[in-house]
Amino acid sequence: MAAGPCGRPLGGFSYLEILEAEALVATDAEEPDRRDFLILAGGAFAAVGGALSLWPFIDQMNPDAGTQALASIEVDISPVKEGQAITVLWRGKPVFIRHRTPKEIEEAKAVDVTTLRDEYARNEDLPADALATDVNRTKAGHENWIIMIGICTHLGCIPKGQALGDKKGDYDGWFCPCHGSHYDTAGRIRKGPAPRNLEVPVYEYLSDTKLKIG
Ligand code: FES
């Protein structure tokens, strides 16, 4: 298994390796400010800590590896409260799903894209030259959600920012401790060596509470 310079796995890591790579936290429905962290993988899902039963996640298939590599996944985001985040595994990659707070949305929208290192949205649903506005990094009517591939664009580590107690960097988004890259609340690179914004995969809302990724 290839590993990033920090020893964290590159893309293609397994479910269990993701579990090892991230500090998982318990769900605490009483404290919506705390970030919950859940890993979902092709044929199975798990949460570390209590309150697993609070997460009525996903009708799971159990495909073989080849099917899994091609598959779209559906994610029930209804249990994810404002201020919480989950991570799902899709095509061997972690996908960050964060239910952003009004403050996080406001911070993301306030940014002048001409000041960004990477001015492009990096959104697979949009043309390559679409600018990295918050609007272009999210979907209309669902601006409170941000969905991104959770792999640092520097050397492929998994940034912190999903789990309870994680450092989220100087811009309240995600922080990659490997070499100190800071991403903002729209997943745009703001500081450190990473060259590009976190990638936004193809996804759609099947309903207000169900996502289809891929
Ligand atoms: Fe180097 Fe993220 S892999 S900063």
Side-chain angles (χ1 to χ4, degrees), residues 1-25 35-41 48 69 83-100 104 107-108 111-124 126 128 130-134 136-138 145-203 213-214:
M1 173 59 59
C6 55
R8 308 184 84 194
L10 300 173
F13 31 73
S14 72
Y15 164 61
L16 285 177
E17 286 161 338
I18 293 281
L19 286 177
E20 291 167 357
E22 296 289 348
L24 303 184
V25 299
R35 296 204 186 283
D36 297 338
F37 188 73
L38 180 69
I39 297 271
L40 306 170
V48 173
Q84 296 179 332
I86 60 171
T87 301
V88 300
L89 193 63
W90 170 70
R91 297 183 182 174
K93 300 176 181 177
V95 177
F96 290 171
I97 300 172
R98 184 185 285 186
H99 191 170
R100 301 187 301 180
E104 289 172 330
E107 289 171 349
V111 173
D112 177 357
V113 295
T114 64
T115 67
L116 294 172
R117 174 179 304 166
D118 180 8
E119 295 186 10
Y120 298 110
R122 309 292 174 188
N123 183 337
E124 289 190 13
L126 296 177
L131 294 177
T133 59
D134 192 59
N136 284 345
R137 301 271 302 162
T138 57
W145 295 94
I146 183 96
I147 289 89
M148 306 176 299
I149 303 294
I151 297 177
C152 182
T153 61
H154 181 221
L155 293 176
C157 293
I158 303 171
K160 295 288 188 180
Q162 293 288 93
L164 174 66
D166 274 0
K167 290 184 177 176
K168 297 179 176 62
D170 292 353
Y171 298 87
D172 287 342
W174 291 264
F175 172 65
C176 186
C178 299
H179 312 93
S181 287
H182 300 246
Y183 295 90
D184 68 15
T185 56
R188 297 169 298 203
I189 182 64
R190 302 296 296 277
K191 182 179 173 183
R196 296 183 307 283
N197 303 324
L198 296 177
E199 178 186 343
V200 177
V202 171
Y203 70 93
I213 302 172

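Below, all heavy atoms of this structure are taken into account, side chains as well, without hydrogens, waters or symmetry copies. Each residue takes its place number in the sequence, starting with 1. Remember, it's 1-based here, ligands and their atoms both numbered in the order they're listed.
Within the listing of ligand 1, atoms 4 (S) sit less than 4.0 angstrom from a heavy atom of S181. Those atoms of ligand 1 that come under 4.0 Å of a heavy atom in C178, given as number and element, are 1 (Fe), 3 (S). Those atoms of ligand 1 that come under 4.0 Å of a heavy atom in L155, given as number and element, are 3 (S).
Residue-level proximity to ligand 1 for C157 is carried by backbone and side chain together, each with a heavy atom below 4.0 angstrom.
The side chain to side chain contact (heavy atoms under 4.5 Å, CB included) test applied to A108 returns R100, D134, T185, A186, R188, not counting sequence neighbours.
Residue C152 does not count as close to atom 1 (Fe) of ligand 1, with no N, O or S atom under 2.8 Å.
Listed for the R98 side chain is a donor-acceptor partner under 3.5 Å among the backbone atoms of G173. Using a distance-only test at 3.5 Å, with no hydrogens or angles considered, no donor-acceptor pair links the side chain of D118 to the main chain of R196. Looking at N136, its side chain never comes within 3.5 Å of a backbone N or O of T133 through a donor-acceptor pair.
By the 30° and 60° cut-offs, the orientation of the rings of Y171 relative to H182 is perpendicular.
Considering just the N/O/S atoms of H179, the one nearest atom 1 (Fe) of ligand 1 carries the name ND1. Residue-level check: among N/O/S atoms of H154, ND1 sits closest to atom 1 (Fe) of ligand 1.
In this structure the side chain of C152 never reaches within 4.5 angstrom of the side chain of I158, judged on heavy atoms.
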